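All values derive from a computational prediction rather than experimental measurement. Letters A, B, ... are given to chains in the order of the sequence lines, protein chains preceding strands, and every chain is numbered from 1.
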Amino acid sequence: MPELPEVEHLRRSVDPWLCGAEITAVEVRRADVVCVANLDARTPASQHAPTPLDLPQLLGRGSSVLATDRHGKQMAMRLSSGFILIVQLGMTGTLRLERTDQPLDHTESKHRHVVWTLRRGSHAAAPKTALQDRWRLSFRDPRRFGGITVLDSNEALSKRWSVLGPDALSVGGAVLAAALSSTKRPIKAALLDQGVLAGIGNIYADEALFRAGIHPLRAANALQRREASTLARHIRAILAKAVVQGGSTLRDYRDAFGASGSARQSHAVYGRGGQPCLVCEETLGQITVAARTTVFCPRCQP
DNA sequence: AACACCGCCTGAGCGC
DNA sequence: TGCGCTCAGGCGGTGT
């Protein structure tokens with residue numbers, strides 16, 4: 001269950017290998033994980049699609065990667081063609097970097113839906129070791145809740161990200177308070193809404209509320225300014241720590257090189273319903289909020 | 001307009 | 001050992 005930390009950790013690990021690299025080939029094994037936005041509207045009806053879209057070209061074949069970016073759980077790859085690829089990991093998505101001479105494990109390959117072949121460009125930032133001059137980037141997603149979206153411009157990206165709330169990794173108290181003031185839903189539901197705050201999923205919502213001592217059913221717009229600041233501080237701290245640890249929230253999370261997270265994240269409440277609170281030993285309660293399992297301490301989160 | 005809820009999809013974990 | 005069941009949940013679409 002990748003949340004912001006997994007996405008950011010992944011972005012940081014692939015960025016040096018992607019920036020400046022040329023995409024020599026793109027293999028689309030499952031076209032239905034690719035969404036092409038905005039392009040159809042620009043195509044005159046007379047030219048409309050007896051010819052299927054050239055997905056490999058749209059996904060970067062023949063161009064190079066200029067930069068990577070992220071907002072919330074969405075990662076972007078800016079291409080020299082002007083197209084921008086949005087990578088969403090969904091529940092089970094990952095990116096994997098490998099040498100091209102490394103055989104693809106059959107089981108692993110089963111859910112590789114898009115495979116990019118990359119070559120070191122003249123301005124490549126990647127270290128001159130390990131992967132040599134050619135490498136392969138795979139988007140793997142067994143459950144297919146994630147996907148790749150092709151955007152045709154910076155404007156399209158700005159528009160897409162403008163509907164998201166502020167990025168949770170750097171959200172300040174005042175900004176969070178403002179975002180929460182717009183809804184009377186339970187605070188837990190608001191935190192999960194990417195339009196309110198971008199990047200928080202079920203795990204970190206519960207963990208942040210626990211540390212801030214806020215009950216998950218409190219109305220979002222009823223939080224005191226001070227509580228919003230405390231919550232924002234805990235959100236930033238939890239996420240920043242998890243980014244460094246390699247987004248170890250997922251039991252079998254692997255970074256882009258297949259290495260497991262360095263230190264298993266210890267969760268104070270997530271997945272611990274019915275067990276004693278680590279602070280006060282009260283039995284942790286478990287309820288459903290916004291159709292998500294929610295664990296909290298009745299005593300620490302009044 | 002704001003919000004609730006459905007359903008997509010597969011692997012892990014469990015009981016029998 | 002192995003089968004079948006349940007659960008997990010991000011997010012877009014639809015209903016209230």
Query raised in the report: Taking CG from A/Leu89 and P from B/dC9, how many angstroms apart are they, rounded to a whole number?
Result: 19 Å
Query - Within residues 146-186 of chain A or reaching into it, pairs that qualify as ring-ring contact (aromatic ring centres under 6.0 Å, His included) - sequence neighbours excluded - result: A/His71-A/Trp161
Requested in this report: Apply side-chain hydrogen bond (donor to acceptor under 3.5 Å, both in side chains) to A/Gln57 and list each qualifying residue two or more places apart in sequence or on a separate chain.
Outcome: none
Report summary line: A/Tyr204 atom OH is separated from C/dG9 atom C1', nearest whole Å, by 15 Å
**Report entry** side-chain hydrogen bond (donor to acceptor under 3.5 Å, both in side chains) between A/Asn221 and A/Arg185, worked out
**Finding:** CA-CA 8 Å; A/Asn221 62 1; A/Arg185 278 181 293 168; over 6 Å; no
Query raised in the report: So does A/His111 get a side-chain nitrogen or oxygen closer than 4.0 Å to the phosphate oxygens (OP1/OP2) of B/dG11?
Result: yes
Report task. Send over the distance from A/Arg272 CZ to C/dA8 C1', rounded to a whole Å. Result -> 19 Å
Requested in this report: Compare the minimum distances between each of C/dC11, B/dC8, B/dT10 and the side chain of A/Phe145, then state the nucleotide with the smallest one.
Outcome: B/dC8
Requested in this report: To the nearest Å, give me how far apart CE (A/Met91) and P (B/dG11) are.
Outcome: 13 Å
**Report entry** Atom-to-atom span, NZ of A/Lys73 to P of C/dG9 - whole angstrom
**Finding:** 11 Å
Query raised in the report: Using 4.0 Å as the upper bound for N to carboxylate O, is an ion pair formed by A/Arg112 and A/Glu98?
Result: yes
Query raised in the report: Roughly how many Å is it from NE2 in A/His71 to P in C/dG10, rounded to a whole number?
Result: 17 Å
Query - Transitive ILVMFWY cluster of A/Phe210, excluding itself - 4.5 Å side-chain cut-off - result: A/Val269, A/Val279, A/Leu284, A/Val295
Query raised in the report: Would you say A/Gln194's side chain and A/Ile200's backbone share a donor-acceptor pair under 3.5 angstrom?
Result: yes
Protein and nucleotides 3-7 of chain B: nitrogen or oxygen contacts under 3.5 angstrom:
residue, atom, partner, partner atom, Å
B/dC3, OP1, A/Thr183, OG1, 2.8
B/dC3, OP2, A/Thr183, OG1, 3.4

Query raised in the report: Between atom CG in A/Leu164 and atom C1' in C/dC11, what is the gap in whole Å?
Result: 12 Å
Query raised in the report: Roughly how bent is the helix from B/dA2-C/dT16 to B/dC16-C/dG2 end to end, in steps of 10 degrees, with each end axis from five pairs?
Result: 40°
Query - Backbone of A/Thr117 reached by a side-chain donor or acceptor of A/Trp135 within 3.5 Å - result: no
Report task. Indicate yes or no: does A/Glu22 engage A/Arg120 in a salt bridge with an N to O separation below 4.0 Å. Result -> no
Query - Contact under 4.0 Å: A/Thr293 side-chain N or O vs C/dG9 OP1/OP2 - result: yes
Requested in this report: Keeping to residues at least two apart or across chains, list the side-chain hydrogen bond (donor to acceptor under 3.5 Å, both in side chains) pairs with something in residues 283-301 of chain A.
Outcome: A/Lys188-A/Thr294, A/Glu282-A/Arg299
